[in-house]
Amino acid sequence: MTHPHPNSWEARAEAFSLYGFTDLPTVAERGTVVLTHGQGPYVFDTNGKRYLDANSGLWNMVAGFDHPGLTEAAKAQYDRFPGYHAFFGRMSDQTVALSEKLIEVSPYDRGRVFYTNSGSEANDTMVKMLWFLGQSEGRAEARKILTRWNGYHGVTVAAASMTGKPYNSVFGLPLEGFLHLTCPHYWREGQDGESETEFTARLASELDEVIIHEGPETIAGFFAEPVMGAGGVIPPPEGYFQAIQAVLRRYGIPLIADEVICGFGRTGAVWGAETYGFTPDAIISSKNLTAGYFPMGAVILGPALGDQIQNAIDAIDEFPHGFTASGHPVGCAIALKAIDVILNEGLIDRVRAGAPRMEAGLAEIAKHPNIGELRGIGYMWALEAIADPGSKTPFEAHLSVSERIANTCTDLGLICRPLGQSVVLCPPFILSDAEMDEMLEKLDRALGQVFREVA
Ligand SMILES: *Cc1c(COP(=O)(O)O)cnc(C)c1O
């Protein structure tokens, strides 16, 4: 694509920016969308075109793009104390208040919180904590990390190693000792004649076998998203976490819930773990934690793991880990407000109330013969396209069906995300009924158009 104006926003973006997680041929064909501002669940580009962002930015802008309470909290804290660290026994009052609040809203009656700038760093931090614990408790061989294929845990070196996606091979990752188990997607991975509970039992046996094979003493922890997000919105099969946790407990291996997407309302409860009825040993939080208004992540340790790690730190007097902006006062002030907005100002209630409506609308759309599966919970859903309904055969990759659907949506003023052969919808929690109807109507139109082209 040639740009009529070399000084256009698009041309300037392409001249100087290195794009991440972007299909460059698509950019070459369609150009870059440069955004300037937002209003409620909508964002606007430099040409003034308005898009309903059914992806909440990147899952995180759950309160929309102009929430006055959140911007006010940020402004007030910038005026009061615009930045500080959490090293050397000093930390801001906002940091103190947020840790207290996070434990209050966690599944734990007590525990400890450590801050990062992102979800990836929170996962890396948790891995370091587990390795540190092994070293300090005379179990230095306890270093292996278990996750699942298709799990997404971020992009820093440990988090990318945990992520079960083939694209990390371009970095020579995963590192040694990061092991991936079967993706818990019954529709895709279930065998002929296998019931959902049999599938769950098979995954629990697989976990047991891997632990025995590797040696239980070599495993540091098991990380899982309650609902896989970037893997294509994959809710766990029936009884999955109960079965997995029973195996892990037999060997004393901690279960870490990566709640970066699920946490703070996405599944209709504060935590995804709450939705699926299990209590993890620690929680990784980010994204919704600040409703996307500040880059921030947190490791929330439950009582047992919190005590164990604190004891190990006490023994050496100092935990040599932390980021310059860990516990940033503005981030903490925003997070405190975001938690209040989500839990007390009705945002989580909106997800609970709106989820059946969203599911029903998508179920109507999913009657199309080229939709193989509708899956999700709360305000996170995916529609998976298939070429042949009978055999679950995907469309040929060169047809780029999910990209075409997403691009057609973009043309119609709706942002949704292609993921493999699926299209993901995870709207902001503030969505009104009329906005939800707009989302469903545009999606339906885009699907009809694309399936007419390729089917
Ligand atoms: C987004 C995400 C991460 C990584 O968070 P970043 O802030 O992008 O580093 C980790 N885990 C899950 C489940 C995520 O969705």
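Predicted model, so just to flag it, every value in this text is computed and none were measured. All values below come from the heavy atoms of this structure, side chains included, with hydrogens, waters and symmetry mates left out. Note that ligands are numbered from 1 as they come in the structure, with each ligand's atoms numbered from 1 the same way.
At most 12 non-hydrogen atoms from other residues, nucleotides or ligands lie less than 6.0 angstrom from CD of Glu100. More than 12 heavy-atom neighbours from other residues, nucleotides or ligands sit within 6.0 angstrom of CD on Gln310.
Under 4.0 Å is where a charged nitrogen must lie from a carboxylate oxygen, and between Glu384 and Arg188 at least one such pair does.
Taking the centre and axis of the six-membered ring of Tyr42, the NZ or CZ atom of Arg50 falls inside the cone set by 45° and 6.0 Å.
Contact residues of ligand 1 (protein heavy atom closer than 4.0 angstrom to a ligand atom; sorted by chain and number): Ser118, Gly119, Ser120, Asn123, Tyr152, His153, Gly154, Glu225, Asp258, Val260, Ile261, Lys287.
Under the ring pair (Phe, Tyr, Trp, His ring centres under 6.0 Å) criterion, Trp131 pairs with no residue, sequence neighbours left out.
For the atom pair Arg249 CZ and Leu255 CG, the distance stands at 8.0 Å (nearest 0.5 Å).
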